[in-house]
Amino acid sequence: MTDSFQAPRGTLDWLPPRSGARRAMIGAFAARAERAGFREAQTPVFEEQGLFARTAGASSEVVGKEMYVFTDQGDRELALRPEFTAGIVRAYLEHGLSREAQPVRLWSAGSCYRYAAVQRGRYREFTQVNAEAIGSDDPAVDAELIALQVGWFRELGLEGLAVRLNTIGDRADREPYLALLRAFLDKHLGDVADDVRRQRDLNPLRAFDTKDPASQAVMAQAPVIADHVGAEAAAHFDRVREFLDARGIAYVLDPTLVRGLDYYSRTTWEVAWPELGAQSGIGGGGRYDGLAELIGGPPTPGVGFACGVERVLLALAAQERLPGVAPRCDAFFMVLADAARPTLHALMEAARDRGLACEADLAGRAAKGQIKQADRVGAARTVVCGDDEWARRVCLVRDMTSGEQIEVALDDLVGHLADLAGGAQA
RNA sequence: GUGGGCGUAGCUCAGCUGGUGGUAGCUCCGGGUUGUGGUCCCGGCGGUCGUGGGUUCGAGUCCCACCGCUCACCCCA
């Protein structure tokens with residue numbers, strides 16, 4: 001043990017340039033979602049623990065082991081959100097959004113928390129971008145959500161994505177199928193790994209997720225839910241696919257695709273970037289028509305998805321496609337006369353008021369160091385003021401591209417810089 | 001939570017079977033150019049060798065524990 005500190009295990013410090021990439025990614029998502037009619041929703045980072053416990057389902061690891069729970073000074077049982085959906089649906093019900101035009105479309109971006117083993121691409125505090133459309137069971141909504149998610153990835157320049165799609169039917173279809181699946185598992189208990197046997201009672205659907213080859217071989221013979229969905233859910237799914245096909249969105253049907261949270265119904269999907277290894281899932285979503293009822297609301301259909309910003313960022317970095325925030329510096333103030341610094345810094349501030357990006361040396365650098373810094377920040381122009389210029393109340397404005405410099409009176413400097421920048425932008 | 005690998009300067013890394021921490025590269029600052037920039041040359045700043053114990057005359061090097069990173073299981077974003 002030392003007397004110094006480290007960031008808690010599983011947390012990330014967002015520093016430049018990655019902080020800029022993160023902001024650009026979220027900004028692109030927000031803009032795209034807004035174009036599709038989504039508006040921003042920010043719900044609390046913590047909620048009553050019961051909200052998540054009720055919605056995620058008992059079999060879910062997210063609730064069983066991974067939730068950050070705590071009791072506050074008022075003895076309230078709270079939990080840091082492990083995902084967005086429950087909080088968004090809670091807010092929809094609490095604020096009577098069912099009276100607005102449906103579906104209500106909301107996007108969010110922010111931190112979620114899960115106490116899981118830390119690995120590359122899996123953190124305890126992580127960032128999700130999220131979108132939900134609540135209040136319509138139109139299959140076009142499912143397709144809108146998938147299109148928003150895939151469109152965002154495409155806009156970021158991410159290549160090599162794999163979209164898997166499935167339907168898990170309605171709740172009413174589920175029980176008869178699960179009985180069938182349990183019966184199948186019971187017949188093969190001997191040929192199957194321990195974890196699969198455990199899933200038999202917990203959540204038999206997850207048995208398909210096993211990585212044990214022998215178990216996989218067995219599960220390949222198992223009955224599949226897609227073959228046991230009711231007529232309505234099947235028709236809904238066909239229609240979703242029509243909407244996707246018309247958009248040219250490529251996907252693979254995966255009848256074993258089951259998502260980790262129990263509240264899903266009908267359409268489910270996942271997007272993976274396979275090169276990421278064990279944490280290849282960069283986004284996933286599904287329809288959750290029964291969720292609102294679970295938390296005391298009226299029957300309300302809904303669809304949503306989430307994407308892991310850190311994982312998308314890893315994928316983009318691997319493809320050297322990290323979005324950057326365009327660095328900009330219209331003028332770097334190189335002040336070599338110490339007496340002139342307060343005045344020149346005031347002029348710099350006035351230029352900022354006019355909308356220009358300006359910087360000056362703030363570390364006592366020598367002349368060479370200052371112009372090097374100007375070059376480093378990509379300054380379009382450098383304003384030079386030494387003893388000689390200061391005595392005459394002028395400065396030199398140097399064009400950093402051409403190297404040409406002209407003398408400008410200090411009184412005219414801000415207007416001059418504004419004109420130059422305005423002309424350059426036009 | 002369970003196994004494997006790793007941990008030397010801000011970053012990337014040398015350091016052979018234990019024998020005094022590298023003029024190493026990059027970055028940063030200064031000088032060459034007494035006030036003009038991505039190159040070049042010179043110089044400088046910068047290290048409790050992850051932390052704590054142990055073995056030893058002597059530990060960056062060997063042993064143990066802890067912390068952190070990483071890969072897999074698991075889970076999922």
Side-chain angles (χ1 to χ4, degrees), chain A residues 1-12 15 56 59-67 81-85 109-130 149 193-196 198-199 202-203 206 209-212 257-261 270-273 276-285 305-315 332 334-337 340 361 363-390 395-405:
Chain A
M1 282 301 168
T2 352
D3 55 354
S4 61
F5 295 99
Q6 298 177 298
R9 184 179 173 89
T11 64
L12 249 28
L15 302 170
S59 71
S60 149
E61 292 271 335
V62 170
V63 170
K65 283 258 167 202
E66 297 187 353
M67 214 152 53
R81 66 182 174 209
E83 50 124 16
F84 274 96
T85 307
S111 304
C112 296
Y113 301 83
R114 292 181 199 172
Y115 191 86
V118 173
Q119 212 177 113
R120 177 183 166 83
R122 188 169 63 195
Y123 309 96
R124 290 178 178 170
E125 178 182 65
F126 58 100
T127 312
Q128 286 194 341
V129 297
N130 186 270
Q149 187 178 33
D194 286 348
D195 62 305
V196 180
R198 210 157 12 88
Q199 297 291 6
L202 219 45
N203 185 350
R206 311 233 54 183
D209 295 342
T210 182
K211 290 193 180 165
D212 172 56
L257 172 66
V258 178
R259 310 227 54 240
L261 301 164
E270 270 181 23
V271 182
W273 193 67
L276 230 41
Q279 264 63 54
S280 62
I282 59 174
F305 70 80
C307 300
V309 170
E310 289 80 2
R311 289 184 188 179
V312 176
L313 194 124
L314 284 171
F332 186 91
M334 180 172 164
V335 190
L336 304 169
D361 170 60
R365 285 188 187 82
K368 178 174 178 172
Q370 291 198 32
I371 197 150
K372 224 177 143 183
Q373 178 67 8
D375 188 50
R376 197 152 38 206
V377 301
R381 272 163 285 280
T382 299
V383 172
V384 186
C385 188
D387 292 318
D388 175 51
E389 290 83 6
W390 177 238
C395 62
L396 300 175
V397 176
R398 177 184 178 83
D399 184 307
M400 293 296 276
T401 308
S402 66
E404 291 167 18
Q405 53 190 30

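Heavy atoms only: backbone and side chains are in, while hydrogens, waters and symmetry mates are out. Each chain gets a letter, A, B and so on, in the order its sequence line appears, and its residues count up from 1.
- Heavy atoms of A/Glu83 sit nowhere under 4.0 angstrom from any nucleic acid atom.
- The CG atom of A/Leu12 sits 18 Å away from the P atom of B/A77 (whole-angstrom rounding).
- Closest approach of A/Asp361 to A/Gly364, counting heavy atoms only: OD2-N, 3.0 Å.
- If you measure from atom CD of A/Gln6 to atom P of B/C66, you get 16 Å, rounded to the nearest angstrom.
- A/Gln128 places its CD atom 14 Å from the C1' atom of B/C75, with the value rounded to the nearest Å.
- Interatomic distance, A/Arg124 CZ to A/Arg9 CZ, rounded to the nearest 0.5 Å: 5.5 Å.
- For B/A24 and B/C13, the C1' atoms lie 8 Å apart once the distance is rounded to whole Å.
- Counting to the nearest Å, the P atom of B/C73 and the CZ atom of A/Arg120 are 15 Å from each other.
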Restricting to nitrogen or oxygen on both sides, can you table the protein-nucleotides 35-45 of chain B pairs closer than 3.5 Å?
unit_1, atom_1, unit_2, atom_2, d
B/G35, O6, A/Asp388, N, 3.4
B/G35, O6, A/Glu389, OE1, 2.9
B/G35, N1, A/Glu389, OE1, 2.6
B/G35, N1, A/Glu389, OE2, 2.9
B/U36, O2, A/Arg398, NE, 3.2
B/U36, O2, A/Arg398, NH1, 3.0
B/U36, N3, A/Gln405, OE1, 3.1
B/U36, O4, A/Gln405, NE2, 3.3
B/G37, N7, A/Arg398, NH2, 2.8
B/G37, O6, A/Arg398, NE, 2.9
B/G37, O6, A/Arg398, NH2, 2.8
B/G37, N1, A/Met400, O, 2.4
B/G37, N2, A/Asp375, OD1, 3.2
B/G37, N2, A/Met400, O, 3.0
B/G37, N3, A/Asp375, OD1, 3.4

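- Side-chain atoms of A/Arg122 and base atoms of B/A77 include no donor and acceptor less than 3.5 Å apart.
- For B/G10 and B/C28, the P atoms lie 16 Å apart once the distance is rounded to whole Å.
- Taking every heavy atom of both residues into account, A/Cys112 and A/Pro82 meet most closely at CB-O, 3.8 Å.
- The same atom, C1', is picked in B/U23 and in B/C41; the two are 15 Å apart, to the nearest Å.
- If you take atom C1' in B/C29 and the same atom in B/G46, they sit 11 Å apart, rounded to whole Å.
- What separates CD of A/Gln119 from P of B/C74 is a distance of 11 Å, to the nearest Å.
- As judged by a 4.0 angstrom heavy-atom cut-off over every strand, A/Gln279 is placed among the base-contacting residues.
- Nucleic acid contact class of A/Ala366 (heavy atoms, under 4.0 Å, all strands): sugar-phosphate only.
- With both ends at atom P, the span from B/G50 to B/G68 equals 16 Å, rounded to whole Å.
- Straight-line distance from the CG atom of A/Leu257 to the P atom of B/A77: 11 Å, rounded to whole Å.
- If A/Ala117 and A/Tyr123 are placed on RNA chain B by their nearest nucleotide, the residue sitting closer to the 5' end is A/Ala117.
- Contact annotation for A/Arg114: base contact, defined as any heavy-atom pair under 4.0 Å involving a base atom.
- At whole-Å resolution of the value, CE in A/Met67 and P in B/A77 are 15 Å apart.
- Spacing of C1' atoms, B/C26 relative to B/U39, comes out at 16 Å, to the nearest Å.
- Residue A/Arg9 places at least one side-chain N or O closer than 4.0 Å to OP1 or OP2 of B/G68.
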